[in-house]
Number of protein chains: 2
Amino acid sequence: MLVDTGSCGRIPHACHHGRSENGCADCKVRLISVCSVLELDELEELEALSHHLTLDKGQALFGQDEPAGFVFNVIEGALRLTRLLPDGRRHVMGFALPGDFLGLALQERHSVSAEALGPVKTCRFARQDFAAVVETKPHLLRSLHERAGHELNLAQEQMLLLGRRTAEEKVATFLLSLRARYARAGHSSVTVELPMGRQDMADHLGLTIETVSRMLSRLDRAHAILLVPGGVRLLDLPRLEAMAAG
Amino acid sequence: MLVDTGSCGRIPHACHHGRSENGCADCKVRLISVCSVLELDELEELEALSHHLTLDKGQALFGQDEPAGFVFNVIEGALRLTRLLPDGRRHVMGFALPGDFLGLALQERHSVSAEALGPVKTCRFARQDFAAVVETKPHLLRSLHERAGHELNLAQEQMLLLGRRTAEEKVATFLLSLRARYARAGHSSVTVELPMGRQDMADHLGLTIETVSRMLSRLDRAHAILLVPGGVRLLDLPRLEAMAAG
DNA sequence: CGCAAGCTTGATGCTCGTCAAGGGGCGTGG
DNA sequence: CCACGCCCCTTGACGAGCATCAAGCTTGCG
């Protein structure tokens, strides 16, 4: 299931345990990840513990309730974070994008499962190792805690969304929030890539695939968006924002 | 809005800044609050920064988006944590009970507003003071972080609930989870007090007040629960659990 | 005793879920 | 290169579940 593409020895003296040839210093997501609070020497310390790990579309990074042996920084690609109900109903808690940290809470078990929506690159740490480093670096813990606070905010917004909004509002809000996330990562555009399928959106928004499809079609017919292969172009941001505001 | 009942000087040499006469050492919620990880000397340090604060039913402890001047331990009573949509729709994110900490993320602004559902006693700290103490006590930060992880889990369960469950499942799950929270605080009983009104439950579960009322009536008629003034008696736990499992 | 607030119950309708069928793109194999 | 099949998406018809609208009821309190 897990594919460790670590290639120790491929570039002899720059490589430790399979991590990137150039190291954390020029990691694509360094400035938007938890690592952004670290000094260069701290970065090296962490680098020594890191492995790169890549996944293909559909592969699982970890499963719900599984012991959390590792924690991850997402470098490239997108993952789906899901929870299952005993009867098989599925809910998509969210999507992880580059710069996101999986295992933020450093808990013993993963509360969700994580599956790659396409090719994914991650930076992996043994949880115990990472936790040990955190113990010695309160500012790193502080950074994790701030991110956890941010996650809690997002979770609350999502609850509001799920509990109190109509199908159309849900879809409009989702598109805008995806756009905002890409923007924060430096990818600012009215064309929003949708790495997930309709079923994933539906399971994220508490709708059915048919309803998501219908709402997207409706927004398209109303020229608020334009459906394009693999994504969506947001044509009428004010209107979408008005819908999302509720 | 805020009522500081601090009574400095009432019991001259045991009282600092209006906190409880007997101090943290015999605080009712010490063992279930974040304070449980503190040593006695640390407790005293924190105690010097604390004020007691009581609220009457309906009073607000703080408002959504308000600068978070203070953080709080709930000692007695229950509060409703709400978020508003621009159009006035309301969602109840949750309920705070004794032992809960409000302002866990130590963020600059409160993400929810908190209102007393009945008489409430809290232990209040200036956020800056509290944050300064946290800086010097990594294990306290660690404890806050663990609680944040727990909150995140609860938030995820709530999302699952809101997105994927029927009205009946929502109500059954809510009753059981309240019971579990009281049990953790030492109040184990099949009779569950409901300090919140029907409207609050509805806004928490993404339903209307009428639907909540109907579902409670239905469960009552089915002898799964017994509606009593101010609460509910859970008569048929297995059946409720079967419903909640979904 | 009477009023107000919160709760319950009933009748009706809308939104969204369910069921069903049909397209379109892409990879595989002839 | 085209044909076939598969998967994902879209569209339509219908129905269920819950919201909405509208009364009554209970409880507590002046």
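A note on names: the letters A, B, ... follow the listed sequences, proteins ahead of strands, and every chain is numbered from 1. What you see below is based on every heavy atom in this structure, not just the backbone, and it leaves out hydrogens, waters and symmetry mates.
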Legend entry - Modelled atom types, side-chain donor and acceptor of A/Gln156 and B/Ser111, under 3.5 Å: yes
Can you measure [X] atom [atom1] to [N] atom [atom2] for me and round it to whole angstrom units?
| X | N | atom1 | atom2 | result |
| --- | --- | --- | --- | --- |
| A/Gln199 | C/dT18 | CD | C1' | 13 Å |
| A/Lys170 | C/dG17 | NZ | P | 7 Å |
| A/Arg164 | C/dC16 | CZ | P | 14 Å |
| B/Lys57 | C/dG6 | NZ | C1' | 10 Å |
| B/Leu227 | D/dC25 | CG | P | 19 Å |
| B/Leu117 | C/dA5 | CG | P | 19 Å |
| B/Glu168 | D/dA16 | CD | C1' | 15 Å |
| A/Asp200 | D/dC9 | CG | P | 8 Å |

Inset, instruction - Give a yes or no answer on whether the side chain of B/Tyr182 reaches the backbone of B/Glu193 with a donor-acceptor pair at less than 3.5 Å. - result: yes
Inset, instruction - For the side chain of B/Arg198, starting at C-beta, report the closest nucleotide among D/dC18, D/dC9, C/dT8. - result: C/dT8
Legend entry - Partners meeting side-chain hydrogen bond (donor to acceptor under 3.5 Å, both in side chains) with A/Lys57 (sequence neighbours left out): none
Inset, instruction - For residues B/Phe125 and B/Phe72, establish whether the separation of their ring centroids is below 6.0 Å. - result: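 For B/Phe125 and B/Phe72, the ring centres are not under 6.0 Å apart.
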Legend entry - DNA chain C contacts made by residues 201-217 of chain B, counting heavy atoms under 4.0 Å: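 When residues 201-217 of chain B is checked for heavy atoms under 4.0 Å from DNA chain C, the hits, listed by number, are B/Glu210, B/Ser213, B/Arg214, B/Ser217.
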Legend entry - Cation-pi check, A/Arg127 onto A/Phe70 ring (under 6.0 Å, within 45° of axis):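 No, a cation-pi geometry is absent between A/Arg127 and A/Phe70.
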Inset, instruction - Answer yes or no on whether A/Arg80 is positioned over the face of A/Phe95, meaning its NZ or CZ is under 6.0 Å from the six-membered ring centre and within 45° of the axis. - result: no
